[in-house]
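To keep things clear, I will list the structure first and then write my remarks on it.
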Amino acid sequence: MSENSLVSVRVDTSTAGTTAGSLLPKDSAVARVDGELRDLAYVVSEGQTVEQVPYGSPDGLAVLRHSAAHVLAQAVQELFPGTLLGIGPPIENGFYYDFLPERPFTPEDLAAIEKKMSDITRQRQTFSRRVVSEEEALKELAHERFKIELIGLKGPAGEESVEVGGGELTIYDNHAGSELMWKDLCRGPHLPTTRDIPAFKIMRSAAAYWRGDQNNEQLQRIYGTAWASRDDLKEHLRLLEEAEKRDHRRLGTELDLFSFPDEIGSGLAVFHPKGGVIKREMEDYVRQRHLEEGFQYVGTPHISKEGLFHTSGHLPYYADTMFPPMEMEGSDYYLKAMNCPMHNLIFRSRGRSYRELPLRLFEFGSVYRFEKSGVIHGLTRVRGLTQDDSHSYCTPEQAPDEVKHLLSFVLSLLKDFGLDDYYLELSTRDDSKPDKFVGTEEEWSVATAVLEKCALETGLQLVADPGGAAFYGPKISVQARDAIGRTWQMSTIQYDFNQPAGFGLEYQGADGERHQPVMIHSAKFGSIERFIGVLTEHYAGAFPAWLSPVQVVGIPVHSDYDGYLHDVAARLRVEGIRVEVDDSDDRMQKKIRNAQKQKVPFMLIAGGEDVEAGAVSFRFRDGSQDNGIPVADAVARIVEAVRSRA
RNA sequence: GCCGGCGUGGCGCAGUGGUAGCGCAGCUGUCUUGUAAACAGCAGGUCGUCGGUUCGAUCCCGACCGCCGGCUCCA
């Protein structure tokens, strides 16, 4: 990321032997010397190129966050002697450090730790780098068993972590004056002193498995955020607050859209009338679009005898994530976790001709997945969900066109729901775990090549996801970015050569022979529930008019005009508009406030002036107004806004 | 599933070893005139569930259920 405007110095005879920092402007966090990040204290030699790495640059931020992580660890060890260190890398927006304390941290502990960190930064302790041999490192860090483990893991050059680089081992010492305050195994680089960390804040503590493996010991992780300035920190905290206001779980309650009654069970949502409106509008629209795209609407039950899921191959693989079976009349019945097996039976219900292909079946299929208790999250991770699920049965030759067809269909649908910022992900099999995937290498590479080619043709960014495939075939997924930049897996398109074989699916070809079709699985929203959750956050609850539970609220300036607005409402209602008149005893101002809080797209206000003119006055969600609009025009305007899905 | 935190009227929150309050919402009444909160009164909770400690538990302890933050996982 070396930009032209940044200072770049070539070391000559006169500057050789000085430090990198002495050649750079004050706002440099570290230096880049011949492409490598170095401490500002790095002693340069002739012929080297020294570049500035400002605090606000990506590398500068990573360094200052890493330095903040060190300060955190130092604070923790000063307050809680005996606490062992894990790792402490910079991450997006901040940093964390993992610890093994004698007892987990309390909120009070975190406050004390933050205060101690401030003390350390005020002391202007220097970070100084020291190269050590492996023997020295093992000796100095003998009491830190996690660090010892990392030293043991030190691989050849190229395999690097924040603790141990590929080449040499280094320890960073923190000095206050000449006194050694603390040290940590670290490859660096760091800011010159603890005082140079411009702004930080401790955010939360949580548990994390050592080296990310749930078979390992669980450590206590402390998360912090750190920035190049106080203002940046404030802005970050403001964004977090903003995100919290958009949280679909909160908006779901405030807007009376849905809830999760404890009595039903974890991860099982009920949609209230207002959420039901959104759900129905989405479903109606998507059903219509599927019909237009050549899909046939079908219906299947929620449960099945277990044999079906053995045939599909799901049961031996995914019994863990299915609800346990119910025994009835000598058979075990399972709640379905996927719809494809049942669609396969529809395909197989009679002989099929090549003339019917691609045969496209579609339904809103409700499935149940026993997600682990800790992963359930609002509408985005539930145990009962409805997929807008389709299966296209086609010849292998037709498969590429069908995938392309589905991709463009999916993308146009997302666009209609205001999501137009996305990238694709290609999930492939993990060759090191052949037992998790069914089918031959040949089949996988054919299927993967088809998906990859189609994905690349969209011109969208394509990200690899090795090992992320379903057991029966590779997958393209659409990762959509919402209004505040978070990404969500929405649509999926999967190429499956396995289930057609398992179910013995076949069609009669033009040659009179029987052939096996391939099937392309696709969910456009993914799950209706998740999509509603994502849309809620994307729009911060202010849904476009066509999806709004209440599209128009009539607000009389005085109760004398209730009747007039009821007449206006009736004219809207015959156009299919969801309209209410607030004829309660509240003042007009209160009614506006209520409608505003419910994020109603159109408020129609009427007083004496409007009645005389046969008009109404618009107030929009953004607070702007358009007064004295003739009723016929107002109706037309609202109808148009809804019809155009604007 | 794991670690930690939390669970008080519909919602948001106080609070205490001697069976509970506030704001909003609700109901009733009096009001209502131009773009984000009129006023008054009333009603509403066996303090998540089940055990235990105690003369006595919403408060202390345990289990379970649920929620939250992470980790792991996500066909």
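Here the structure is a predicted model, which means the values were calculated and not measured. Per chain, numbering begins at 1; letters A, B, ... match sequence-line order.
- Here the P atom of nucleotide B:C74 and the CD atom of A:Glu425 are 13 Å apart, to the nearest Å.
- Rounded to whole Å, the C1' atom of B:G44 lies 10 Å from the corresponding atom of B:C27.
- No donor-acceptor contact under 3.5 angstrom links the side chains of A:Asn339 and A:His521, judged on distance only.
- Counting heavy atoms from C-beta outward, A:Val270 and A:Phe258 have side chains that stay 4.5 Å or more apart.
- Rounded to an integer number of Å, the gap from A:Phe105 CZ to B:C3 P is 17 Å.
- A cation-pi arrangement, defined by a distance under 6.0 Å to the six-membered ring centre and an angle within 45 degrees of its axis, is absent between A:Arg360 and A:Tyr393.
- Comparing the P positions of B:A75 and B:A14 gives a spacing of 39 Å, expressed to the nearest Å.
- No hydrogens or angles were tested; on distance alone, a donor-acceptor pair under 3.5 Å links the side chain of A:Tyr209 to the base of B:G1.
- Across all strands shown, B:G9 has no partner, as no Watson-Crick or G-U wobble contact with both distances under 3.5 Å is found.
- On a pure distance criterion of 3.5 Å, no polar donor-acceptor pair joins the side chain of A:Ser205 and the base of B:G69.
- A donor N or O paired with an acceptor N or O is found under 3.5 Å between the base of B:C31 and the side-chain atoms of A:Arg587.
- Note: CG (A:Asp585) to P (B:C39) measures 14 Å, nearest angstrom.
- Between A:Asp430 atom CG and B:C74 atom P the separation is 11 Å, expressed in whole Å.
- In this structure, A:Tyr223 has its ring center no closer than 6.0 Å to that of A:Phe95.
- Residue A:Arg103 contributes atom CZ, which lies 17 Å from atom P of B:C3 at whole-angstrom precision.
- Using a 4.0 Å cut-off, some side-chain N or O of A:Tyr223 falls inside it from OP1 or OP2 of B:C71.
- Checking B:A20 for Watson-Crick or G-U wobble geometry (two distances, each under 3.5 Å) identifies no partner in any strand.
- Judged by distance alone with a 3.5 Å cut-off, a donor-acceptor contact links the side chain of A:Asp610 to the base of B:G34.
- Here B:U32 presents its P atom at 22 Å from CZ of A:Arg593, a figure rounded to the nearest Å.
- With the nearest nucleotide of RNA chain B identified for both A:Phe260 and A:Phe618, A:Phe618 has the one nearer the 5' end.
- Among the candidates A:Phe471, A:Phe370, A:Tyr472, the single residue satisfying the ring pair (Phe, Tyr, Trp, His ring centres under 6.0 Å) test with A:Tyr318 is A:Phe471.
- Within the 4.0 angstrom heavy-atom criterion, only backbone atoms of the sugar-phosphate kind lie near A:Gly212; the bases stay farther away.
- Taking atom C1' on both B:C22 and B:G18, the two are 23 Å apart, rounded to the nearest angstrom.
- Taking atom C1' in both B:A63 and B:G70, one finds a spacing of 24 Å when rounded to whole Å.
- Rounded to whole Å, the separation between the P atoms of B:U19 and B:U58 comes to 10 Å.
- Using the Watson-Crick or G-U wobble rule with both distances under 3.5 Å, B:A38 pairs with B:U30.
- Of the nucleotides present, B:C61 is the one that pairs with B:G51 by Watson-Crick or G-U wobble criteria, both distances under 3.5 Å.
- Across all strands shown, nothing is found opposite B:G45 as a Watson-Crick or G-U wobble partner with both distances under 3.5 Å.
- For the pair A:Leu251 CG and B:G12 P, the interatomic distance rounds to 13 Å; values are reported in whole Å.
- Counting non-hydrogen atoms under 4.0 angstrom, A:Gln589 reaches the backbone sugars and phosphates but no base.
- At least one test fails for A:Arg221 against the ring of A:Phe99: distance under 6.0 Å to the centre or angle within 45° of the axis.
- For B:C71, its base never sits under 3.5 Å from the side chain of A:Gln214 at any donor and acceptor pair.
- Closest to the side chain of A:Asp560, from the set B:A75, B:U33, B:C67, is B:U33.
- Under 3.5 Å, the side chains of A:Thr492 and A:Lys524 contain no donor-acceptor pair of N or O atoms.
- Partner assigned to B:C2 is B:G70, using Watson-Crick or G-U wobble distances below 3.5 angstrom.
- If you check B:U35, B:C3, B:G1 against the side chain of A:Val375, the one that comes closest is B:G1.
- Using a 4.0 Å heavy-atom criterion, one finds that A:Ala206 contacts the bases of the nucleic acid, with or without backbone contacts as well.
- The phosphate of B:G69 (OP1 or OP2) has a side-chain N or O of A:Arg249 nearer than 4.0 angstrom.
- Rounded to whole angstrom, the span from the OH atom of A:Tyr368 across to the C1' atom of B:A75 amounts to 18 Å.
- Searching all strands for a Watson-Crick or G-U wobble partner of B:A25 with both distances below 3.5 Å returns nothing.
- Judged by distance alone, with hydrogens and angles left aside, A:Arg619 brings a side-chain donor or acceptor within reach of the base of B:A36, the pair sitting under 3.5 Å.
- Put simply, A:Lys590 has a side-chain N or O that comes within less than 4.0 Å of OP1 or OP2 on B:A25.
- When the C1' atom is compared between B:G21 and B:A43, the two are found 15 Å apart, to the nearest whole Å.
- What you find for A:Ser548 and A:Arg621 is that their closest heavy atoms are OG-NH1, 3.8 Å.
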